[in-house]
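Step one of this worksheet: look at the structure below.
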Amino acid sequence: MAAHRSFTIATNVSVYFCDPRSHWQRSSDENINGLPRQYLLERTDLKPYTLDDPDAIAHRLSTRPRKTLSLRTPGDRLEEAIVATTP
């Protein structure tokens, strides 16, 4: 996020950074990081998996509707934001 200022100017989307050691500021981030555990439990042997498997898991998670996005997917919300900022 070294270019967060340029991103904010170009998109009119504010960027916020959490304070160090303030886990309560990262609740949605921590939730997102835990979602792959629904597919790969802790201490799962990863040897039988191919490189395509994590991509498939990421795709399932990325295309899943989110309550915090009014049951839209992150891709839907991104598209709405892009359309809203396109002249």
Side-chain angles (χ1 to χ4, degrees):
M1 292 306 301
H4 71 276
R5 286 186 184 94
S6 300
F7 172 82
T8 297
I9 291 168
T11 62
N12 199 29
V13 174
S14 298
V15 176
Y16 299 93
F17 294 96
C18 297
D19 295 315
R21 292 176 289 288
S22 299
H23 62 88
W24 59 89
Q25 295 177 354
R26 300 187 317 263
S27 60
S28 64
D29 179 51
E30 294 298 322
N31 180 48
I32 298 288
N33 289 341
L35 291 176
R37 292 274 176 234
Q38 295 175 357
Y39 298 92
L40 299 169
L41 300 177
E42 196 168 338
R43 295 191 173 106
T44 296
D45 181 10
L46 300 177
K47 290 177 188 166
Y49 292 93
T50 69
L51 291 177
D52 292 332
D53 294 316
D55 289 340
I57 292 170
H59 178 74
R60 280 188 226 125
L61 293 173
S62 296
T63 56
R64 181 163 89 176
R66 304 263 165 72
K67 185 176 181 180
T68 57
L69 298 175
S70 301
L71 298 179
R72 292 176 297 197
T73 68
D76 293 339
R77 185 62 192 105
L78 177 62
E79 185 176 332
E80 290 169 12
I82 291 169
V83 168
T85 59
T86 303

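Transitive grouping of hydrophobic side chains (ILVMFWY, heavy atoms separated by less than 4.5 Å) keeps Val13 and Val83 in distinct clusters.
Here the side chain of Arg72 pairs a donor or acceptor atom with the backbone of Leu69 at under 3.5 angstrom. For the pair Thr73 (side chain) and Arg64 (backbone), a donor-acceptor distance under 3.5 Å is absent.
In this structure, CG in Asp52 is found 6.0 Å from CG in Asp55, a value given to the nearest 0.5 Å. Distance check, rounded to the nearest 0.5 Å: CZ of Arg60 to CG of Leu35 gives 13.0 Å.
In this structure, Tyr16 has no ring pair (Phe, Tyr, Trp, His ring centres under 6.0 Å) partners at least two apart in sequence or on a different chain. Partners of Asp19 by side chain to side chain donor-acceptor pair (under 3.5 Å), not counting sequence neighbours, listed by chain and number: Gln25.
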Can you give each donor-acceptor pair under 3.5 Å made by side-chain atoms of residues 41-49, sequence neighbours left out, with the distance rounded to 0.1 Å?
residue: Thr44; atom: OG1; partner: Leu41; partner atom: N; Å: 3.0
residue: Thr44; atom: OG1; partner: Leu41; partner atom: O; Å: 2.3
residue: Asp45; atom: OD1; partner: Lys47; partner atom: N; Å: 3.1

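Between Thr85 and Thr11, the shortest heavy-atom distance links the atoms CG2-O, 3.4 Å. Across all non-hydrogen atoms, the minimal contact from Pro74 to Ser62 is CD-O, 3.2 Å.
Within 6.0 Å of the CD atom in Glu80, the count of heavy atoms belonging to other residues, nucleotides or ligands exceeds 12. Residue Asn12 places its CG atom among 12 or fewer non-hydrogen atoms of other residues, nucleotides or ligands, all under 6.0 Å distant.
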